[in-house]
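Presented below is the structure to which this report refers.
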Protein chains: 2
Amino acid sequence: MRLTSKGRYAVMALVDLARFDGINPVSLRDISLRQGISLDYLEQIFSKLRKKEIVQSVRGTQGGYILNRKAKEIKLTNIFDAVDEKVKTVQCKKESKKGCNGKSTKCLTHNLWDELETHINNFFDKKSLDDLVKENLERRF
Amino acid sequence: MRLTSKGRYAVMALVDLARFDGINPVSLRDISLRQGISLDYLEQIFSKLRKKEIVQSVRGTQGGYILNRKAKEIKLTNIFDAVDEKVKTVQCKKESKKGCNGKSTKCLTHNLWDELETHINNFFDKKSLDDLVKENLERRF
DNA sequence: ATGATACTTGACTATTTTGGTCAGGTTTAT
DNA sequence: ATAAACCTGACCAAAATAGTCAAGTATCAT
């Protein structure tokens, strides 16, 4: 299973950005400073977010990024998906036609990981970016 | 988050073993052959399972491992815990006194990971080894 | 007793993933 | 024109993963 800093940074950055939704673009430099994330790394992350149409870029001076949809419509699954955080553990899944360990049958835990995946995705499907923004409203940034 | 082959192998091996619960010890060699897991690697895994009193070893010829408790009483959380599969993503957690990124406040996603962790642990707390054995009863091994 | 079976332990290692950095762009507001 | 900001691809060090290897020790069957 992979749920690492990249996904976490993506969410942090988008929560930061979402506060300005509809006001003005937010530069990665600002996000970098506020959230303590390397600028170069943010650029990689936002490149992926842009390709998946979660954000839009505004080039040039005073440029930055803006949300491409409303915060309420951006679910955490979308974000993790964009930055390639797969909520999947299992090698089992790779060779879908055959069984798991190169054998012809599924491994003894195959269904288990299926269920877990569903369980986790349910969690992330319910949470939107907007939810997180609201949870953090009273906080200092 | 870390949920990798080691945890998966541990569960597979224990499901295999649990079928003989109360009958006779199962050698790692047999598990290795049936499940397609390296013997040396299994030894590492079972060393940890033994230390956490999930299995007991029986040395000598016809030896092997047996469950130390009933399959119904072994929850998947116990297994993952034994083999050091932490269901935790977050660096946030390390420095519990301070905030997350070395800052004085929690990061914007801190609560999120807390909730996720609870969510996943709930899932694994409900599942026992016995559940998995039953799910696989009709299958060939 | 003695050999085979099986557990025990610890060191070692190749590969992959992660979490970045670095360099060299291009675009656009002012 | 120039600085701010995005854009892209290559590169890299450290850590984690998934093992292997070696050298035992304990116990049972014969």
Can you tell me the distance, in whole Å, between the CD1 atom of A/Ile37 and the P atom of C/dT18? 17 Å

Can you measure A/Phe80 atom CZ to C/dT18 atom P for me and round it to whole angstrom units? 14 Å

Calculate the interatomic distance between A/Asp40 atom CG and C/dG25 atom P; express it in whole Å. 16 Å

Distance-only donor-acceptor hits, side chain of residues 54-68 of chain A, under 3.5 Å, sequence neighbours excluded:
residue : atom : partner : partner atom : Å
A/Gln56 : NE2  : A/Asn68 : OD1          : 3.2
A/Asn68 : ND2  : A/Glu53 : O            : 3.0

Here the distance between atom P of C/dT18 and atom CG of A/Leu42, to the nearest Å, is 18 Å

N/O (side chain, A/Ser57) to phosphate O (OP1/OP2, D/dC7) under 4.0 Å: yes

Could you check which residues of residues 43-53 of chain A get a heavy atom under 4.0 Å from DNA chain C? Sort them by number, please. A/Gln44

Which residues pass the side chain to side chain donor-acceptor pair (under 3.5 Å) test with B/Asn24, sequence neighbours left out? none

Whole angstroms only, please: what is the CD-P distance between A/Gln56 and D/dA5? 18 Å

Tell me whether the count of non-hydrogen atoms from other residues, nucleotides or ligands lying under 6.0 Å of CZ in B/Arg29 goes above 12. no

From A/Leu108 CG over to B/Arg8 CZ, what is the distance, rounded to the nearest 0.5 angstrom? 10.0 Å

Closest to the side chain of A/Tyr65, out of C/dA6, D/dA18, D/dC6, is D/dC6

Hey, what do you get for OG1 (A/Thr118) to CH2 (A/Trp113), rounding to the nearest 0.5 Å? 13.0 Å

How many whole angstroms separate atom CG of B/Leu28 from atom C1' of D/dG19? 15 Å

At under 4.0 Å between heavy atoms, what does B/Val26 touch on the DNA or RNA strands: base, sugar-phosphate, or nothing? sugar-phosphate

Atom pair distance, as rounded to whole Å: CG in B/Asp30 and C1' in C/dT5: 11 Å

A/Tyr41 side chain N/O closer than 4.0 Å to the phosphate oxygens (OP1, OP2) of C/dT18? no

Are any protein N/O atoms closer than 3.5 Å to N/O atoms in nucleotides 26-30 of chain D? If there are, list each pair with its distance.
residue : atom : partner : partner atom : Å
D/dA26  : O4'  : B/Arg59 : NE           : 3.2
D/dA26  : O4'  : B/Arg59 : NH2          : 3.2
D/dC28  : O2   : B/Thr61 : OG1          : 3.0

Got a second to check how far A/Asp16's CG is from A/Gln35's CD, nearest 0.5 Å? 4.5 Å

Under the side-chain contact (heavy atoms from CB on, under 4.5 Å) test, which residues partner B/Ser38, sequence neighbours left out? B/Asp40, B/Tyr41

Nearest-Å distance for atom pair CG/P, residues A/Leu39 and D/dT8: 15 Å

Is any side-chain N or O of B/Ser38 closer than 4.0 Å to OP1 or OP2 of D/dT20? yes

So if I take every side-chain heavy atom of A/Arg29 and compare against D/dA22, C/dC7, D/dA5, which nucleotide ends up nearest? D/dA5

Going by atom type alone, with no hydrogens or angles, which donor-acceptor pairs under 3.5 Å involve a side-chain atom of residues 71-83 of chain A and a protein atom two or more places apart or on another chain?
residue : atom : partner  : partner atom : Å
A/Thr77 : OG1  : A/Asp125 : OD1          : 2.7
A/Asn78 : OD1  : A/Lys75  : N            : 2.9

Is any side-chain heavy atom of B/Leu42 closer than 4.5 Å to a side-chain heavy atom of B/Ser32? yes

